[in-house]
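Just so it is clear: chains get the letters A, B, ... in the order the sequence lines come, proteins before strands, and each one is counted from 1.
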2 protein chains.
Amino acid sequence: MDKLREQESIGRDISHLFRSIRNFMGRRLQPYGIGDAQFPFLMLLLHEDGISQERLATYLKCDRATSARSIARLEHAGYVRRLVDPEDRRAYKVFLTEQGQELGDVLWSVSKELNGILLEGFSDEEKLAFRKMIKRAGMNISKWEQIRKTADE
Amino acid sequence: MDKLREQESIGRDISHLFRSIRNFMGRRLQPYGIGDAQFPFLMLLLHEDGISQERLATYLKCDRATSARSIARLEHAGYVRRLVDPEDRRAYKVFLTEQGQELGDVLWSVSKELNGILLEGFSDEEKLAFRKMIKRAGMNISKWEQIRKTADE
DNA sequence: GCTTATTAGTTGCTTATGCAATTATTGCGC
DNA sequence: GCGCAATAATTGCATAAGCAACTAATAAGC
């Protein structure tokens with residue numbers, strides 16, 4: 001397997017990493033009746049309350065449909081409330097409920113725990129470098145997506 | 001958003017990166033009638049032919065069910081053939097068909113293209129460091145999964 | 001002011017993935 | 001040799017995610 005392992009792309013390792021992260025988050029959030037996908041939405045709402053599903057989708061770089069379904073699940077679970085925006089009756093304003101705000105501490109601690117696990121043995125410089133490289137790779141491929149989309153038109 | 005961005009976990013960036021990679025691979029492989037998930041299976045089979053679904057799952061760090069379904073799709077598309085292992089009639093031996101072997105060049109070129117996009121602007125040292133860190137993080141979280149599994153028993 | 005384009009949200013379809021339960025086969029203990 | 005544990009594969013169920021098509025509301029062009 002050595003020849004393969006040398007030449008293989010990083011895609012597979014990122015895939016493995018991502019699936020493991022989902023698994024971890026799923027297990028940690030299960031007691032609260034939500035899935036791993038709801039985590040980033042809650043984190044964003046903790047920081048900026050009352051924004052639309054569209055803005056949530058944009059910030060989290062996901063599809064509007066994904067945003068809609070994730071918020072719907074959070075609403076059913078009682079963590080958010082949706083109010084029609086009086087300024088634009090197409091859009092909702094998504095607010096955390098009291099229950100949602102109370103979840104904040106748990107979410108931060110789970111987030112820290114995950115970071116601690118992932119970056120165990122990393123020096124501070126390595127942690128920073130790793131974060132930056134992930135962001136750079138993400139920006140690189142975003143650029144490609146942008147080129148593709150404009151080419152489609 | 002700055003305060004949030006500083007403190008946020010790397011999980012979100014990895015999620016974005018992973019989804020973008022799936023998107024890219026999905027588009028590149030669509031002309032061949034397969035999805036992004038089939039790519040690592042084909043790559044592994046190009047290197048080691050005639051192994052079982054179980055071994056494929058182990059190498060690719062995924063569930064046996066995922067392996068089974070991915071191989072089934074490859075079989076329907078005509079890229080692999082499954083023969084019952086005469087030494088162990090529970091298991092299959094998965095072989096690439098001629099059509100599957102011919103896909104090799106395409107897969108390598110798609111893989112290289114993805115790497116080129118992701119790592120654009122990275123120096124050789126950075127590329128190597130990035131790969132290593134992704135692997136380290138993956139091993140870190142694998143260790144946690146292992147501890148959890150043994151604790152469940 | 002009316003038509004058209006854009007935008008926010010929803011829903012159906014498809015793919016991917018993991019877990020649990022089931023079946024079939026192998027192998028171990030005795 | 002028999003019964004039971006372990007293993008390979010399959011299937012059902014649940015979650016997640018993107019795309020496309022649709023509705024409803026707003027904005028722009030004229």
Give each protein N/O atom lying under 3.5 Å from an N/O atom of nucleotides 3-5 of chain C, with the pair distance.
none

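Projected onto DNA chain D by closest heavy-atom contact, A/G35 and B/E54 fall at different nucleotides, the more 5' of which corresponds to B/E54. Along DNA chain D, the nucleotide closest to A/E87 and the one closest to A/A37 are compared, and the more 5′ of them pairs with A/A37. Projected onto DNA chain C by closest heavy-atom contact, A/S15 and A/R55 fall at different nucleotides, the more 5' of which corresponds to A/R55.
By the 4.0 Å N-to-carboxylate-O rule, A/R81 lies too far from A/E75 to be salt-bridged with it. By the 4.0 Å N-to-carboxylate-O rule, B/R136 lies too far from A/E120 to be salt-bridged with it.
Listed by first then second residue, pairs satisfying ring pair (Phe, Tyr, Trp, His ring centres under 6.0 Å) with a partner in residues 123-143 of chain B read B/F122-B/F130, not counting sequence neighbours. Here salt bridge (charged side-chain N to carboxylate O under 4.0 Å, His left out) pairs that include residues 99-117 of chain A, with residues two or more places apart or in two chains, are A/R28-A/E113.
The CG atom of A/L56 sits 12 Å away from the P atom of C/dT10 (whole-angstrom rounding). Taking atom CZ of residue A/R90 and atom P of nucleotide C/dG9, one finds them 9 Å apart after rounding to whole Å. Atom NZ in A/K93 sits about 13 Å away from atom P in C/dA8, given to the nearest Å. B/R27 places its CZ atom 15 Å from the P atom of C/dT15, with the value rounded to the nearest Å. Rounded to whole Å, the distance from CD on A/Q30 to C1' on C/dA20 is 13 Å. Separating the OH atom of A/Y59 from the P atom of C/dA8 is a distance of 13 Å, rounded to the nearest angstrom. Regarding B/R148, its CZ atom lies at a distance of 10 Å from the C1' atom of C/dC19, rounded to whole Å. Distance B/K61 NZ to C/dG18 C1': 17 Å, rounded to the nearest Å.
For A/E87, there are no side-chain hydrogen bond (donor to acceptor under 3.5 Å, both in side chains) partners, not counting sequence neighbours. Under the rule for a salt bridge (Lys or Arg N to Asp or Glu O under 4.0 Å), B/R73 has no partner lying at least two apart in sequence or in another chain. For B/N140, there are no side-chain hydrogen bond (donor to acceptor under 3.5 Å, both in side chains) partners, not counting sequence neighbours. Applying the salt bridge (Lys or Arg N to Asp or Glu O under 4.0 Å) test to A/D88 and every residue at least two apart in sequence or in another chain returns A/R90. In this view, B/R69 satisfies the side-chain hydrogen bond (donor to acceptor under 3.5 Å, both in side chains) rule with no residue, not counting sequence neighbours. For A/Q146, the side-chain hydrogen bond (donor to acceptor under 3.5 Å, both in side chains) test picks out no residue, with sequence neighbours left out.
If you check residues 64-82 of chain B against DNA chain D, the residues with a heavy atom closer than 4.0 Å are B/R64, B/A65, B/A68, B/R69, B/R82, listed by number. Interface residues of residues 139-146 of chain B facing DNA chain C, ordered by number: none; criterion, heavy-atom separation under 4.0 Å.
Mapping heavy-atom proximity under 4.0 Å, the span of DNA chain D touched by chain B runs 5' to 3' from D/dA6 to D/dC19.
Not one N or O on the side chain of A/H47 forms a donor-acceptor pair closer than 3.5 Å with the backbone of A/M43.
With values rounded to the nearest 0.5 angstrom, B/I134 atom CD1 is found 4.0 Å from A/I14 atom CD1.
Taking 4.0 angstrom as the limit, A/R19 places a side-chain polar atom (N or O) nearer than this to OP1 or OP2 of C/dG18.
The residue B/D85 sits apart from the nucleic acid: no heavy atom pair falls under 4.0 Å. Here A/Q38 lies in heavy-atom contact (under 4.0 Å) with sugar-phosphate atoms only. At the heavy-atom level, B/D63 lies under 4.0 Å from base atoms of the strands shown.
Donor-acceptor pairing under 3.5 Å is lacking for the side chains of B/S67 and B/Q53.
Other residues, nucleotides and ligands contribute more than 12 heavy atoms inside 6.0 Å of the CD atom of B/Q99.
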Take A/R27 and A/N23 through the test side chain to side chain donor-acceptor pair (under 3.5 Å) and record every step on the way to the result.
-> CA-CA 6 Å; A/R27 283 171 202 282; A/N23 194 289; 2.7 Å; yes
